[in-house]
**Student:** 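Please read through the structure below; I'll follow up with questions.
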Amino acid sequence: MLVLAVSGGGDSVALAAILCEARIIDPARTLVAHFDHAWRGEAAAARDRALVAVTCERYGLPLVTGRWEAPRRSEAAARDARYAFLHDVAREHGATAVATGHTEDDQVETVMLNMDRGAGTYGLAGMWPERAFPRPGAGGLRLARPLLCVARDETRAYCAARGLAFFDDETNDDPAFARNRIRAMLAGAYEETPEARGLLLQLAVTTRARVRTLEASMASAAPCTPAECRRALAFDRDALRAVPEELRIYAWRPALERLLGDARDFGRGHFETLARAPAARTGSTFELPRGVVVTVDARRVLVSIGRPEEPALEPGWERPLPFSGRAGAWEVVVTAACDDQAPDEDRWQSAELTADGGAVLRAWRPGDRVALAGGRGHRKLQDAYVDAKVPQRQRASAPVLAVAGAVLWTPLIGAASAPAAAGRVRWSVRWRRCGDADDSVR
């Protein structure tokens, strides 16, 4: 299913007409979404809806409408409201992509706006013909702009040639909006330098190719993976350190887009902070816009929405063996070991150990100790966690399998005693973090 964003202007009406007449889309698997920003009064809004409805009827496209209930005179706020509506429509109807009518002219204006704001490489890349939808939790939803290679004059000529009605939004001439000021400036610049338009478009194409190459290189050198915490991603700290600081933006920016849908509100200073994070002291945290928190662990750097937290076990939590279920941040299965046991499922870790009949699965207690390999005595579990560089926040969320104060196993360091230790019962333990079966950012 495809969603077409149609406002009633010449570009979006042409988008629907071109895709239908060229049979690029199937109207039976497409719907039109029309959003009223509530800026221009009910009479204008009713006219816009009527024009869009006529286009939909002509091409057999179903229509879904929405309205901004709390309008503000802000381009950024209007964009957020519009994309939230489109996202909701796509989710409700099971769409995999949303298409908008952005044109070549919009691309030139976007590049100029970004240059005026002092944007870096990503700003010069302009809009992408196809990219992840810019909303948190969009999953695999994509945003397509099929008309980025078409001029605004051409979309209007196309509509006129086919008798398609459209309107020109008078707010597009309001100098209170930065894009409108840029549009007026460009009109004069084209008269003096006709080749400027082509040069700006080529700059965007070249820059996007460079960004793609650098992002792919960073994904290979410093891969970003879902972390154990809700809505968090993790980088290997050493891998990030090995990347030149000036290139780390091409690892961090895709991570932010994956978490938030886009990286708006993140400026040069924020990315400089991110670039320095791998060298920061272990335990450091950095708070960034839109609730993003960067946490520096001994081995990883986490970027999350809010501070990373894990569900802690209550101090008195205890369960007899065998056991199957959730324990803190973990799914744990403890059964009596047998030779005909089924192979472990993907993403489960496993271990076998022996213990007497008093073994239980419980929360970690102060004073818990683990056996040293080779029967060389015991040490504090706390010290074992420190040596294994286990972050403090994870320790209270992990159960232990123990006899009295002797810990035989914990998911954070695996079997803590030698498998051949004396005991009356042989146990098989399987474990994985809750949610590890799903690699998406939750």
Side-chain angles (χ1 to χ4, degrees), residues 226-230 232 297 308-439 442:
E228 67 280 358
C229 310
R230 177 176 170 79
D297 288 342
E309 296 179 355
E310 298 190 47
L313 286 163
E314 295 182 4
W317 188 90
E318 181 175 304
R319 298 292 184 272
L321 302 183
F323 174 87
S324 178
R326 179 163 182 162
W330 299 86
E331 292 178 70
V332 181
V333 178
V334 185
T335 57
C338 56
D339 293 336
D340 59 351
Q341 207 167 8
D344 289 334
E345 298 175 29
D346 188 29
R347 303 185 189 281
W348 288 83
Q349 298 180 69
S350 63
E352 288 194 7
L353 48 90
T354 55
D356 64 29
V360 295
L361 194 71
R362 61 169 173 79
W364 170 31
R365 297 172 184 166
D368 276 345
R369 304 181 73 83
V370 296
L372 296 172
R376 295 183 292 108
H378 293 76
R379 64 185 308 209
K380 290 182 179 179
L381 178 58
Q382 167 75 14
D383 294 339
Y385 280 157
V386 170
D387 288 351
K389 300 187 184 302
V390 175
Q392 181 72 38
R393 66 177 179 277
Q394 295 181 1
R395 301 173 193 175
S397 71
V400 299
L401 196 155
V403 179
V407 172
L408 307 179
W409 166 88
T410 167
L412 297 174
I413 57 177
S417 62
R424 295 182 296 170
V425 181
R426 224 170 119 237
W427 296 106
S428 173
V429 186
R430 293 191 301 140
W431 68 95
R432 68 179 177 182
R433 285 190 179 275
C434 296
D436 274 1
D438 178 7
D439 271 345
R442 297 170 295 282

**Student:** CH2 of Trp427 to OG1 of Thr354: how many Å apart, nearest 0.5 Å?
**Tutor:**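 OG1 of Thr354 is found 11.5 Å from CH2 of Trp427.
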**Student:** Tell me, do Ile413 and Leu381 make a side-chain contact under 4.5 Å, heavy atoms counted?
**Tutor:**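 Yes; the side chains approach each other to less than 4.5 Å.
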**Student:** Is there a side-chain contact between Arg432 and Trp330, using heavy atoms and a 4.5 Å cut-off?
**Tutor:**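 No, too far: nothing below the 4.5 Å cut-off.
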**Student:** Once you round to the nearest 0.5 Å, how far does CD of Gln392 lie from CD of Gln382?
**Tutor:**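 Here the rounded value is 6.0 Å.
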**Student:** Looking only at heavy atoms, which two atoms of Arg362 and Gly405 are closest? And how far apart?
**Tutor:**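 Shortest heavy-atom separation between Arg362 and Gly405 comes out as NH2-CA, 4.0 Å.
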**Student:** Does any part of the side chain of Pro399, heavy atoms only, come nearer than 4.5 Å to the side chain of Pro411, both counted from C-beta?
**Tutor:**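 They are in contact (side-chain heavy atoms under 4.5 Å apart), so the answer is yes.
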**Student:** Would you list the atom pairs, donor with acceptor, under 3.5 Å between side chains in residues 311-325 and any protein atom, with sequence neighbours excluded?
**Tutor:**
residue	atom	partner	partner atom	Å
Glu318	OE1	Arg365	NH2	2.8

**Student:** Kindly compute the distance separating CG (Leu401) from CH2 (Trp431), expressed to the nearest 0.5 Å.
**Tutor:**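 The distance works out to 10.5 Å.
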**Student:** Under the criterion side-chain contact (heavy atoms from CB on, under 4.5 Å), I'd like the reasoning laid out for Trp364 against Leu412: C-alpha separation, chi angles, the key distance, then a yes or no.
**Tutor:** CA-CA 12 Å; Trp364 170 31; Leu412 297 174; over 6 Å; no
**Student:** With rounding to the nearest 0.5 angstrom, report the OG to CD distance, Ser428 to Glu352.
**Tutor:**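 Atom-to-atom, Ser428:OG and Glu352:CD are 5.0 Å apart.
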**Student:** Going by the rule side chain to side chain contact (heavy atoms under 4.5 Å, CB included), which residues pair with Pro391 if we only count those two or more places apart in sequence or in a different chain?
**Tutor:**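 Pro391: side chain to side chain contact (heavy atoms under 4.5 Å, CB included) contacts with Asp297, Arg393, Gln394.
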**Student:** Would you be so kind as to tabulate the donor-acceptor pairs closer than 3.5 Å made by side chains of residues 383-390, with sequence neighbours excluded?
**Tutor:**
residue	atom	partner	partner atom	Å
Tyr385	OH	Thr410	OG1	2.9
Asp387	OD2	Arg379	NH1	3.1
Asp387	OD2	Arg379	NH2	2.5

**Student:** Hey, mind stepping through Val333 and Trp348 against side-chain contact (heavy atoms from CB on, under 4.5 Å) and telling me if it holds?
**Tutor:** CA-CA 10 Å; Val333 178; Trp348 288 83; 4.1 Å; yes
